[in-house]
Student: 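Dumping the structure here so I can ask a few things about it.
All values derive from a computational prediction rather than experimental measurement.
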Amino acid sequence: MSELRMRKFWLMAFAIVMSFAICAPLVRAADDKEKGATPLEDEMIAANKALKTLKTQITDASKNQLSLQLIQEMQQHFLAAKRMEPARAKKETDKAKFLADYHKAMINLMSEMLKLESAVVDNKNDEAAAILKNLGKIKSDGHEKFQEE
């Protein structure tokens, strides 16, 4: 009888160890969605997280204080990203032009962020919503031009 118990014990132990081995890559994959391949991607992912929240509340003037906090958080991430170099720059034949274009795109992005902040401060939430839509276009254009394929 004790041999049967030992077999059950080892079978259970094996099952537990295997379940951890199977689940570990899944947990890592979930963590990777929050972390990019580069510091620049990390900054953009963090800014995008704030952007998603901001989109849900931008038209609600009662949440303007919270919106301003999200805008400032995004600005900090974009400012950090502005100082970084996209990974795609290494593959570009005219790296200097590519980086100058990236810098100009980030300046344009920061300019729009300041307009957005100003609209929220002035309680012009409809205007802020329009600026936020424009930020979506700037985002998609920037990703198309500067992200690695």
Side-chain angles (χ1 to χ4, degrees), residues 9 11-149:
F9 170 78
L11 184 60
M12 185 62 74
F14 178 75
I16 291 170
V17 168
M18 290 307 294
S19 67
F20 281 119
I22 291 169
C23 291
L26 299 175
V27 170
R28 266 188 249 117
D31 286 346
D32 287 346
K33 289 182 181 178
E34 294 294 319
K35 187 165 172 57
T38 65
L40 174 59
E41 286 181 27
D42 290 343
E43 294 296 339
M44 292 300 189
I45 288 169
N48 195 49
K49 188 175 177 183
L51 176 65
K52 285 180 182 178
T53 304
L54 186 60
K55 281 181 180 179
T56 65
Q57 68 187 41
I58 194 67
T59 56
D60 186 352
S62 70
K63 295 185 178 179
N64 278 358
Q65 279 305 111
L66 225 148
S67 293
L68 286 170
Q69 289 173 355
L70 290 168
I71 291 167
Q72 290 168 358
E73 181 181 329
M74 289 170 61
Q75 288 171 340
Q76 289 172 347
H77 291 296
F78 291 145
L79 189 59
K82 184 174 163 250
R83 293 186 294 262
M84 297 177 184
E85 185 175 292
R88 184 173 173 178
K90 294 173 187 164
K91 297 178 182 177
E92 292 295 317
T93 53
D94 191 351
K95 186 177 177 180
K97 181 183 179 331
F98 179 83
L99 291 175
D101 289 346
Y102 173 74
H103 191 80
K104 288 177 189 175
M106 292 302 292
I107 290 170
N108 182 43
L109 176 64
M110 292 300 292
S111 174
E112 287 298 305
M113 289 300 300
L114 291 172
K115 289 177 189 174
L116 177 63
E117 183 178 15
S118 180
V120 173
V121 166
D122 292 338
N123 291 315
K124 296 180 180 177
N125 292 74
D126 291 335
E127 184 180 322
I131 294 168
L132 203 56
K133 280 186 182 180
N134 189 39
L135 282 172
K137 183 178 178 351
I138 290 171
K139 173 186 168 183
S140 63
D141 290 349
H143 287 178
E144 186 177 308
K145 189 170 183 179
F146 302 109
Q147 260 187 341
E148 280 193 304
E149 297 168 354

Student: How long is the span from the CG atom in Asp94 to the CG atom in Leu99, to the nearest 0.5 Å?
Tutor: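 One gets 9.5 Å once the value is rounded to the nearest 0.5 Å.
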Student: For the CE atom of Met113 and the CG atom of Leu116, what is their distance to the nearest 0.5 Å?
Tutor: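 The CG atom of Leu116 is 5.5 Å from CE of Met113, to the nearest 0.5 Å.
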Student: Output, in order, the C-alpha distance, side-chain angles, deciding distance and verdict of side chain to side chain contact (heavy atoms under 4.5 Å, CB included) for Gln57 and Leu70.
Tutor: CA-CA 11 Å; Gln57 68 187 41; Leu70 290 168; 3.5 Å; yes
Student: Give, for atom CG of Asn125 and atom OG of Ser67, the distance between the pair rounded to the nearest 0.5 Å.
Tutor: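 Rounded to the nearest 0.5 Å, the CG-OG separation comes out at 7.0 Å.
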Student: Can you name the nearest heavy-atom pair linking Glu43 to Ala80, along with the distance?
Tutor: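 The answer is CD-CB, 3.7 Å.
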Student: I'd like to know if the side chain of Glu41 reaches the main chain of Ala37, judged simply by a donor and an acceptor atom lying under 3.5 Å from each other, with no hydrogens or angles considered.
Tutor: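 Here the side-chain-to-backbone pair exists.
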Student: How long is the span from the CE atom in Met44 to the NZ atom in Lys139, to the nearest 0.5 Å?
Tutor: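 The CE atom of Met44 sits 10.0 Å away from the NZ atom of Lys139.
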Student: Any chance you could measure Ile138, atom CD1, to Glu112, atom CD, to the nearest 0.5 Å?
Tutor: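 Here the rounded value is 4.5 Å.
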Student: About how many Å separate CD1 of Ile71 and CG of Asn64, when rounded to the nearest 0.5 Å?
Tutor: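 Those atoms lie 8.0 Å apart.
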Student: With no hydrogens and no angle check, do the side chains of Lys115 and Asn134 hold a donor and an acceptor under 3.5 Å apart?
Tutor: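 The criterion, which ignores hydrogens and geometry beyond distance, is not satisfied for Asn134 and Lys115.
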Student: Evaluate the salt bridge (Lys or Arg N to Asp or Glu O under 4.0 Å) criterion for residues Glu148 and Lys91: first the C-alpha distance (whole Å), next the side-chain angles of each, then the deciding distance (0.1 Å), finally the verdict.
Tutor: CA-CA 9 Å; Glu148 280 193 304; Lys91 297 178 182 177; 3.1 Å; yes
Student: Could I get the full list of ring-ring contact (aromatic ring centres under 6.0 Å, His included) partners for Tyr102, not counting sequence neighbours?
Tutor: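 For Tyr102 the ring-ring contact (aromatic ring centres under 6.0 Å, His included) partners, ignoring immediate neighbours, are Phe146.
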Student: If only atom types and distance count, is the side chain of Arg88 paired as donor or acceptor with the main-chain N or O of Lys145 below 3.5 Å?
Tutor: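 Pair found, side chain donor or acceptor close to backbone of Lys145.
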Student: I need the full list of salt bridge (Lys or Arg N to Asp or Glu O under 4.0 Å) pairs touching residues 55-80, with sequence neighbours left out, sorted by first then second residue.
Tutor: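 Sorted pair list comes back empty.
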Student: Which is it for Val120 and Ile58 under the side chain to side chain contact (heavy atoms under 4.5 Å, CB included) test, yes or no, and what are the steps along the way?
Tutor: CA-CA 8 Å; Val120 173; Ile58 194 67; 3.8 Å; yes
Student: Quick check: closest heavy atoms across Pro39 and Met84, and the distance to 0.1 Å?
Tutor: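 Closest heavy-atom pair between Pro39 and Met84: C-SD, 3.7 Å.
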Student: Which heavy atom of Gln75 sits nearest to which heavy atom of Glu117, and what is that distance?
Tutor: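 Of all heavy-atom pairs spanning Gln75 and Glu117, the closest is NE2-OE1, 3.1 Å.
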Student: Give the minimum heavy-atom separation between Met106 and Ala81, together with the two atoms involved.
Tutor: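 Nearest pair, atom of Met106 first, then Ala81: CE-CB, 3.9 Å.
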Student: Can you give the donor-acceptor pairs under 3.5 Å from side chains of residues 126-133 to other protein atoms, not counting sequence neighbours?
Tutor:
none

